[in-house]
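To keep things clear, I will list the structure first and then write my remarks on it.
Values below: all heavy atoms of this structure, side chains included; hydrogens, waters and symmetry mates excluded. Every chain is numbered from 1, with letters handed out A, B, ... down the list of sequences.
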2 protein chains.
Amino acid sequence: MEMTLKRRETMHRLCGKGLEIFHAKGYYNTSLDDILNELSLSKGAFYHHFKSKEDYFINIVQNLIVQKVYALLIEPLNTNENPLPVIIESLENALDPGKKNEMAYGFMLNDFLTEFNKRNEEISSQLKEIINVWEVNLVSLLKKGKLDGHIARHVDCEGVATYIIASYLGMRSLLMDSSNKQLRYQYIQQLKQYFNSIAAHHVAA
Amino acid sequence: MEMTLKRRETMHRLCGKGLEIFHAKGYYNTSLDDILNELSLSKGAFYHHFKSKEDYFINIVQNLIVQKVYALLIEPLNTNENPLPVIIESLENALDPGKKNEMAYGFMLNDFLTEFNKRNEEISSQLKEIINVWEVNLVSLLKKGKLDGHIARHVDCEGVATYIIASYLGMRSLLMDSSNKQLRYQYIQQLKQYFNSIAAHHVAA
DNA sequence: CCTTGAACCGACCCACAAGTCGGTTTGTTT
DNA sequence: AAACAAACCGACTTGTGGGTCGGTTCAAGG
């Protein structure tokens, strides 16, 4: 079993560094050697563990991106509280690159979605599936929030979920490289404004 | 001057077909031969008119993309009416691919912005500049709308402009290939909801 | 030790795409 | 019709990057 451990460790290193560089420079703009040089590994080592560059990236999607999106954007939705502040907080969190100097995971989805769209059906559909799961969870939380009297009855929960996702993904194109604090603040503020308009407003007791 | 006319016509054909294919398959995923074969032109013809693939695309940006974005998204903002319906209409218009079977120009910006980000500073900054002009015009229209009593006084016009742009760009990632009517409708509906929350609500006369 | 196989090496192959260049065609001018 | 240049052709060069493959290293079991 010692062998298996070594294998796992090398694959893990490859995936981690791969995501870092793919995210920074784009998948098609990054050669395997770019990554292998950084890790002092060879083509031989790479193809011993992965059957192709595509297979490699699918591993990265499934093992790293999916996990991170779930942790940042989907699991926080599993709550019984008022949905709107919870959603705000999860988005604020996901857009914050400051946490432990980590990568800005919030940005990856839109980047990769756009890059693989029309070019690699397999990867593209896996990324869309992530968005889809997110949307389903948003909708279900919003509907619960409606039942609990946090959200106005007239609201179209699917439409709201779509709008949240669109604005979130779109922030990526605006923020670009610069982790512009001003833009993030504006975004969150307007989201709150919007949420205020779909919240149920009870008569003060 | 007959020569110059021929030159212009060939360059125009190249740019038109180029935009079409670049938009469909992505810039880096499209070879010059892909385009030249479609037009039955040769490498020699191409390099007689453009000095590089990059120079070619910059031509496309300046002559086609800029024009289209101005026509669809910026010029309609030059109005004295209530800004909010005007903005809605321009976005609805830009997202509609049905007009005369044209390309969906509304989708190009986010695609190309993402593709060139971190890979080609020159092209990237030209695309960002388009967004910037759009934003400036949105802000100025919103501020005028505030003075004219159409928009509530507490509203942060810069924030609203940012939010509009983000949600618009983000729709691209959701709509993808499918020109999904449902998603477009949801988007416009939620945008109206949001706009309703920033509109000035006068007491009925 | 010796064998066995997983992990790894790196030179090489091959396909593809940007860009070059010497040449041919086409149209205009005199 | 001769001359000249713009428009165009297409084989070629060059660089790059994914993928291959015969070999070497090394650790574990007999």
Distance, rounded to the nearest Å, where [X] contributes [atom1] and [N] contributes [atom2]:
X	N	atom1	atom2	answer
A:His49	D:dG19	NE2	P	16 Å
B:Tyr47	D:dA11	OH	P	17 Å
B:Lys6	D:dC9	NZ	P	9 Å
A:Phe46	D:dG17	CZ	P	14 Å
B:Phe57	C:dA18	CZ	P	14 Å
B:Lys51	C:dA18	NZ	P	15 Å
A:Asp34	D:dT16	CG	P	11 Å
B:Leu32	C:dG19	CG	C1'	9 Å

For [X] and [N], is the shortest distance between a side-chain N/O and OP1 or OP2 below 4.0 Å?
X	N	value
B:Arg7	D:dA6	no
B:Thr10	D:dC8	yes
B:His48	D:dC8	no

| said: Is it the case that over 12 heavy atoms from other parts of the model lie below 6.0 angstrom from the OH atom of A:Tyr70? | reply: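 No, because the 6.0 Å sphere around OH of A:Tyr70 holds 12 heavy atoms or fewer from other groups.
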| message | Just checking A:Glu81: does its CD atom have more than 12 heavy atoms from other residues, nucleotides or ligands closer to it than 6.0 angstrom? | response |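 12 or below, so no.
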| task | Go through D:dC8, D:dG19, D:dG17 for me and flag the one nearest to the A:Ser31 side chain. | result |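 Between D:dC8, D:dG19, D:dG17, the one nearest the side chain of A:Ser31 would be D:dG17.
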| query | Out of D:dC8, C:dA18, C:dC8, which nucleotide sits closest to the side chain of B:Ala45? | reply |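 Within the option list, the nearest is D:dC8.
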| request: Give a yes or no on whether the backbone of A:Ile188 and the side-chain of A:Glu92 come within a donor-acceptor separation of less than 3.5 Å. | output: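 Checking the backbone N and O of A:Ile188 against the side chain of A:Glu92, no donor-acceptor pair under 3.5 Å is found.
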| query | Do side-chain atoms of A:Asn137 reach the backbone of A:Val133 as a donor and acceptor pair under 3.5 angstrom? | reply |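 Between the backbone of A:Val133 and the side chain of A:Asn137 there is a qualifying donor-acceptor contact (under 3.5 Å).
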| Close aromatic pair by centroid cut-off 6.0 Å: A:Tyr27 and A:Phe112 |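 Judged by ring-centre distance (under 6.0 Å), A:Tyr27 and A:Phe112 do not meet the cut-off.
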| What about B:Lys43: does its side chain form a donor-acceptor pair under 3.5 Å with the base of D:dG10? |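 No pair found.
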| request: For A:Tyr28 and for B:Leu41, find the nucleotide of DNA chain D with the closest heavy atom, then tell me which residue's nucleotide is more 5'. | output: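 Whichever sits nearer the 5' end wins; that is B:Leu41.
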